[in-house]
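The sequence lines fix the lettering, A, B, ..., with proteins before strands; numbering per chain opens at 1.
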There are 2 protein chains.
Amino acid sequence: MSAVTSTVNVGRPRAFDMDTALEKALEVFWRKGYDGTSLSDLTEAMGINKPSLYAAFGNKEQLFLKAIELYESRPCSFFLPALEKTTAYQVAEHMLYGAAMNMADSNHPQGCVVVQGALSCSEAAASVKEALINRRVEGEQKLKVRFDQAKTDGDLPPGTDTGVLARYLLTVLQGMAIQANNGACSEQLRQVAHMTLQAFPRAG
Amino acid sequence: MSAVTSTVNVGRPRAFDMDTALEKALEVFWRKGYDGTSLSDLTEAMGINKPSLYAAFGNKEQLFLKAIELYESRPCSFFLPALEKTTAYQVAEHMLYGAAMNMADSNHPQGCVVVQGALSCSEAAASVKEALINRRVEGEQKLKVRFDQAKTDGDLPPGTDTGVLARYLLTVLQGMAIQANNGACSEQLRQVAHMTLQAFPRAG
DNA sequence: AGATATATGTACTTATCGGTAAATAACCCT
DNA sequence: AGGGTTATTTACCGATAAGTACATATATCT
């Protein structure tokens, strides 16, 4: 009776788990980038055939975007949780050390898929490149807003340019993604995190 | 008589200028990355046909590597010249402000082709990815050596960890490449450069 | 049991990928 | 003018790209 698509268990059940298949797709996109990943790479890693992929996820682009969503909502992600810390300094600290830990973790590809998934790319990938830029810019904006709050909280000096501070932090984080791709280990990234905090304005 | 390939003007002369063709190729690789660039993209931009490209430059991979060589030896490149400055601080300053100027320059693609040319890529691009990683790591090593010199010159405090300092600076520079791709303008990158120098140890 | 609905595997499509064979054109040297 | 050498053009190669048609398999609902 309902006009919306029913979600009852009718028809042949899916033979694979969508979440784990999406995890596999994320892993491939992360390692090879959008242009560098073929559908064969994806179906092989996900353990399904192309028609199943298309039926479940739409197409390559939509699969990529869903993988990015998964990436950002994973338990091991560090960006949004860091915003919850009580002071601006702690936010920065948590973000930088979280990145140092996560980006060089050998349990998954190095770096950050939002940075390296479609940086320089073909015209076919232009829309996903834009989507990733938006994610990065929105993250920077969220951090700026958090720092604005910190200013009214009094844990940042009144004269602080929160936009520059947020951009500086994001620049280092994005640079750490490149460093991780260079082969830098967590300890080396931690040292960079430590130096970065030297430039951070302490509680006024 | 000579055993080496003669360079006399024998045979039909090349109808295009190799240097300007290589500039065009660089521009395309810079904008689209190695995987994202097709031979059609290249031949169209360079104004030549595929056999001419292969005869003059070998293949796609060799053309890419030659384009990178050109990139690093261009007059507007800022990394190596900065190493010539007289103090460690001036080296850092020159490098950071040079990057701010160059990476957001709208006369060419944004960012840095050594960073974004083959970050996450297909297996076909694995060798060029390695080549770019080597370039980045070698740049970092050169900067460390320069800072070691600065330490003996007495313009860095004796306790300075030059490896960390070099890595910190490279991290920011590589992050600035991402920021430029995000659409950041030179002035915004200059602000990041300024903040970065806050964490820099001043002359002891 | 039979109808309906969804998922699956196989095989296919069209387009493009990187790369090349072969014929022709344009130069220098004798 | 003719031979030697190299560049250019056109047309092609096999492989792979993303995406799909279709027949079959497996579930629920009546």
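- A donor-acceptor pair under 3.5 Å is formed between the side chain of A/D161 and the backbone N or O of A/G163.
- One atom, CG of A/N49, and another, P of C/dT6, lie 20 Å apart when rounded to the nearest Å.
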Show the distances under 3.5 angstrom between N or O atoms of the protein and N or O atoms of nucleotides 18-23 of chain C.
| unit_1 | atom_1 | unit_2 | atom_2 | d |
| --- | --- | --- | --- | --- |
| C/dG18 | OP1 | B/T37 | O | 3.2 |
| C/dG18 | OP1 | B/K60 | NZ | 2.9 |
| C/dG18 | OP2 | B/L39 | N | 2.6 |
| C/dG19 | OP2 | B/Y54 | OH | 2.7 |
| C/dG19 | OP2 | B/K60 | N | 3.3 |
| C/dG19 | O5' | B/Y54 | OH | 3.0 |
| C/dG19 | N7 | B/K50 | NZ | 3.3 |
| C/dG19 | O6 | B/K50 | NZ | 2.3 |

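- Ring-plane geometry between A/F29 and A/F64 is classed as perpendicular, the angle between the planes exceeding 60 degrees on a 0 to 90 degree scale with a lower cut at 30.
- Here B/E27 pairs with B/R31 in a salt bridge; the nearest charged N to carboxylate O distance falls below 4.0 Å.
- For the pair B/E44 CD and C/dC17 P, the computed distance is 11 Å after rounding to whole Å.
- Taken from CD in A/E23 to CG in A/D17, the straight-line distance is 9.5 Å, to the nearest 0.5 Å.
- In this structure, CE of A/M46 is placed 13 Å from P of D/dA18, rounded to the nearest angstrom.
- The residue B/A15 sits close only to the backbone: its heavy atoms come under 4.0 Å of sugar-phosphate atoms, none of a base.
- Between A/K85 and A/E93 no salt bridge is recorded (no basic side-chain N to carboxylate O distance below 4.0 Å).
- B/S186 places a side-chain N or O within 3.5 Å of a backbone atom of B/A100 that can act as its donor or acceptor partner.
- In this structure, B/I48 places its CD1 atom 21 Å from P of C/dA25, rounding to the nearest Å.
- Atom CZ in A/F57 sits roughly 17 Å away from atom C1' in D/dA18 (whole-Å rounding).
- Here the side chain of B/R136 pairs a donor or acceptor atom with the backbone of B/V114 at under 3.5 angstrom.
- Summary of helix geometry: the two end axes of the helix from C/dA1-D/dT30 to C/dT30-D/dA1, each defined by five base pairs via their C1' atoms, are inclined to each other by 0° (rounded to 10°).
- Rounded to whole Å, atom P of D/dT8 lies 7 Å from atom CZ of B/R14.
- Between A/F200 and A/F147, the ring center distance clears the sub-6.0 Å criterion.
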Identify the pairs formed between an N or O of the protein and an N or O of nucleotides 27-30 of chain C at a distance under 3.5 Å, and give each distance.
| unit_1 | atom_1 | unit_2 | atom_2 | d |
| --- | --- | --- | --- | --- |
| C/dC28 | O4' | B/N9 | O | 3.4 |

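- Atom pair A/L42:CG and D/dT16:C1' shows a separation of 15 Å (rounding to whole Å applied).
- Partner A/V115 forms a side-chain contact (heavy atoms from CB on, under 4.5 Å) with one of A/R135, A/Q174, A/M176 and no other, that one being A/Q174.
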